[in-house]
Amino acid sequence: MAADAIRVAVIGFGPRGLGALEALGCVAKEQGKRVVVDIYDPFALPGAGPNFDPEQSPLCLLNIPVRDLDIPPPAVVEGRIAPFDVWDDTGLEPDDFPSRAHLGAYLNARFETLQSATEALSLNMSDQRITDLEQSVDGWMLHADAARLGPYDEVLLTLGQPATEQDKQIAKWTEHAQAHGLDIMAAYPADKLLQGAKDWAGKTIAVRGLGLSTFDVIRLLTSGLGGTFEDGRYIPSGREPSCILPFALNGHPPAGKPATEDIDAWFEPSGHETHAFEAALEAAKTASPVTALRMICEALAPPATRILAERGSDARAGDVDAWLAQECDAPGEQDDRDAVDKLRSDIDMAHGRVAPSVGYVVGQIWRKWQNQLRHGVNAGRPETKTAEAIIGFDEGLKRFSYGPPVAAAEELLALIEQGLVSLRVVDDPDIGLEPSGWKLMEDDTELASVMVDAVLPSPSLDNVVDHLMSACIKSGLAQRFADGLGALTRTDGQLMADGRDTRGLCLLGRMAMGSVIAVDSLHDCFGASTDRWAAGVAQRWARASSTSCAKDTV
């Protein structure tokens with residue numbers, strides 16, 4: 001590396017890229033270094049990215065209330081931009097859930113502040129699409145069409161979810177839709193979906209998936225078409241579909257988050273309980289998969305049992321142990337209630353009107369331990385099979401820990417009672433293909449003539465078709481952590497291949513799943529993972545500088 005200035009390329013620049021550069025700016029300022037950063041992203045609003053596009057519909061909501069949106073500006077821009085809750089001028093209350101667009105505007109403002117806040121970083125934007133890279137004697141060279149760009153001392157990939165090959169089901173349905181002139185669309189971009197929905201009045205719409213994206217889709221197909229909610233009832237505009245039919249593998253909608261800060265505080269683990277979890281997680285990392293999950297469950301059981309008793313539940317320690325044991329074997333199979341009954345019950349729990357279930361309590365505790373989980377796993381990786389087991393456990397509990405605003409669950413219930421949404425085919429239906437659409441039940445006379453895909457592709461290298469990631473895999477610069485998961489990286493984000501790191505080629509985020517855990521969180525974009533990356537860059541430039549000095553004295 002050059003001793004006077006470090007050259008860094010960042011490819012993909014949404015919230016995670018912003019968090020990484022904020023961390024790098026802090027390190028560079030502290031150490032008196034100058035860093036020249038070239039950012040490559042075709043999206044026009046740096047820091048926001050497509051997922052938080054400030055120009056998208058405000059109907060797409062975060063699943064984090066203002067009170068929990070803990071992403072304070074870094075020291076490098078201290079005093080130049082306020083935290084989100086102070087910066088916001090729309091009157092949001094602590095228990096409100098901001099729109100993705102509004103947060104995206106804030107993140108873009110954070111980027112603009114970073115640009116002008118410090119001389120340590122020199123930031124340059126380019127909309128060129130990087131399709132390949134190579135390592136030369138001078139550093140990393142990037143390819144964009146016929147151009148070669150560089151050299152760079154460091155390259156950071158913060159690509160989010162790159163393009164992947166369609167899964168077999170969607171590929172088959174897309175071919176069917178094209179053959180018969182049917183509509184099949186992805187949930188995002190939201191504005192594209194909303195534009196298509198203007199032609200769907202009176203039609204039956206099937207929605208694949210029942211996670212957070214589906215709540216956005218349903219909101220776009222109702223409120224986005226002029227309908228309103230008043231006093232717990234939906235008032236249609238007349239432009240809506242006749243019926244919306246969501247479906248998913250497990251058939252259960254995710255549980256809404258606690259309605260207020262006071263209710264949320266009921267589920268707070270004590271300091272002692274949190275320390276016990278941290279110790280259990282540390283021990284679990286060197287254990288077998290089965291033993292690791294047992295250790296984690298043994299740490300979850302005491303706070304869950306305590307909270308259940310405090311909230312008037314009849315569940316006892318044995319019930320908690322049994323629920324956790326089944327969660328390890330078959331997540332979600334503890335609850336065989338009708339989906340609508342479960343939705344009503346979860347809404348009541350979120351408002352504190354009834355005693356919470358074992359699952360609801362465990363899920364809220366797990367949500368509050370996400371930072372501890374990331375720190376414990378990401379900073380010191382478990383064995384591969386153990387990591388896979390812990391990741392699977394975390395993914396299963398997302399039906400509670402990543403739940404939507406309870407208001408969104410209440411709107412869904414109102415739409416069900418109105419007859420505009422039906423969960424009658426929600427549980428993994430056998431889907432037949434007809435020239436006029438998708439048949440979701442054998443005895444169903446009404447076909448869905450439109451299909452909306454609200455399922456996010458898995459963070460796996462196996463089906464990536466993005467040019468840059470595919471090139472990294474083919475050239476041996478990236479290798480799989482395990483089948484079905486993302487890339488193998490060091491704790492500072494450096495890609496690993498054949499047991500060695502790639503000297504400054506780093507990957508942060510979703511496509512490193514396996515090497516890291518719980519990456520589908522805004523907090524992870526501004527957390528310890530970006531700090532470790534920035535510290536790694538500093539360590540490499542320090543080593544390079546000392547090597548250069550040693551050569552000069554020979």
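In this text the structure is predicted, and so the values were computed from the model without any measurement.
- Between the side chains of Glu278 and His275, at least one donor-acceptor pair of N or O atoms lies under 3.5 Å.
- At most 12 non-hydrogen atoms from other residues, nucleotides or ligands lie less than 6.0 angstrom from CD of Glu55.
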Subject >> Working for side chain to side chain contact (heavy atoms under 4.5 Å, CB included), residues Asn463 and Asp167 >> reply: CA-CA 9 Å; Asn463 301 313; Asp167 63 58; over 6 Å; no
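- Side-chain contact between Phe400 and Trp366 is absent, with no heavy atoms from C-beta onward closer than 4.5 Å.
- There is a side-chain donor-acceptor pair under 3.5 Å between Asp394 and Gln370.
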Original post:
So Ile431 and Phe247, side chain to side chain contact (heavy atoms under 4.5 Å, CB included) or not? Walk me through it.
Top reply: CA-CA 10 Å; Ile431 299 174; Phe247 61 92; 3.6 Å; yes
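- Heavy atoms from other residues, nucleotides or ligands lying under 6.0 Å from CD of Gln169 number more than 12.
- Put simply, the residue from Asp38, Leu156, Ile130 that forms a side chain to side chain contact (heavy atoms under 4.5 Å, CB included) with Ile11 is Ile130.
- Taking CG of Leu508 as the reference point, atom CG of Leu159 lies at 10.0 Å (rounded to 0.5 Å).
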**OP:** Using the salt bridge (Lys or Arg N to Asp or Glu O under 4.0 Å) rule, take Lys257 and Asp68 through it: C-alpha gap first, then chi angles, then the decisive distance, then the call.
**Re:** CA-CA 12 Å; Lys257 285 191 168 68; Asp68 286 341; over 6 Å; no
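- Evaluated for a side chain to side chain donor-acceptor pair (under 3.5 Å) with Arg16, the options Asp524, Thr530, Thr158 yield exactly one hit, Asp524.
- A side chain to side chain contact (heavy atoms under 4.5 Å, CB included) with Phe277 holds for exactly one of Glu282, Glu298, Gln372; it is Gln372.
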**OP:** For side chain to side chain contact (heavy atoms under 4.5 Å, CB included), just list the numbers for His143 and Glu134, CA-CA rounded to whole Å, side-chain angles, deciding distance to a tenth of an Å, and then say yes or no.
**Re:** CA-CA 8 Å; His143 295 198; Glu134 61 180 301; 2.7 Å; yes
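- Side-chain contact between Leu220 and Ser57 is present, with at least one heavy-atom pair separated by less than 4.5 Å.
- One finds no salt bridge joining Glu175 and Lys172 here, because no Lys/Arg side-chain nitrogen approaches an Asp/Glu carboxylate oxygen to under 4.0 Å.
- Taken to the nearest 0.5 Å, the CG atom of Leu507 stands 8.5 Å off from the OG atom of Ser515.
- At least one side-chain heavy atom of Leu114 sits less than 4.5 Å from a side-chain heavy atom of Glu22.
- When Asp153, Leu121, Asn124, Ile6 are each tested for a side chain to side chain contact (heavy atoms under 4.5 Å, CB included) with Val36, only one passes: Asn124.
- With respect to the salt-bridge test (charged N to carboxylate O, under 4.0 angstrom), the residues Asp335 and Arg399 do not qualify.
- Heavy atoms of other residues, nucleotides or ligands lying less than 6.0 angstrom from NE2 of His467 number 12 at most.
- Atom NE2 of His523 is surrounded by more than 12 heavy atoms from other residues, nucleotides or ligands within 6.0 Å.
- In this structure the side chain of Val8 never reaches within 4.5 angstrom of the side chain of Trp541, judged on heavy atoms.
- When every heavy atom of Gly476 is checked against every heavy atom of Ala497, the shortest pair comes out as O-CB, 2.8 Å.
- Here the side chains of Pro254 and Pro404 are in contact, with some heavy-atom distance below 4.5 Å.
- To the nearest 0.5 Å, the span separating CG on Leu461 from CD1 on Ile473 amounts to 4.5 Å.
- The side-chain tip of Arg381 does not point at the ring of Phe481 from less than 6.0 angstrom away and within 45° of straight on.
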Subject >> CA sep, side-chain torsions, deciding dist, call: Asp453, Ile184, side chain to side chain contact (heavy atoms under 4.5 Å, CB included) >> reply: CA-CA 8 Å; Asp453 182 19; Ile184 182 168; 5.7 Å; no
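- For the pair Glu327 and Phe393, the minimum side-chain heavy-atom distance is below 4.5 Å.
- The 12-atom threshold is not exceeded at CZ of Arg129, counting heavy atoms of other residues, nucleotides or ligands nearer than 6.0 Å.
- Aromatic ring centres of Phe52 and Tyr106 lie farther apart than the 6.0 Å criterion allows.
- At a threshold of 4.5 Å between non-hydrogen side-chain atoms, the residues Arg540 and Asp492 count as touching.
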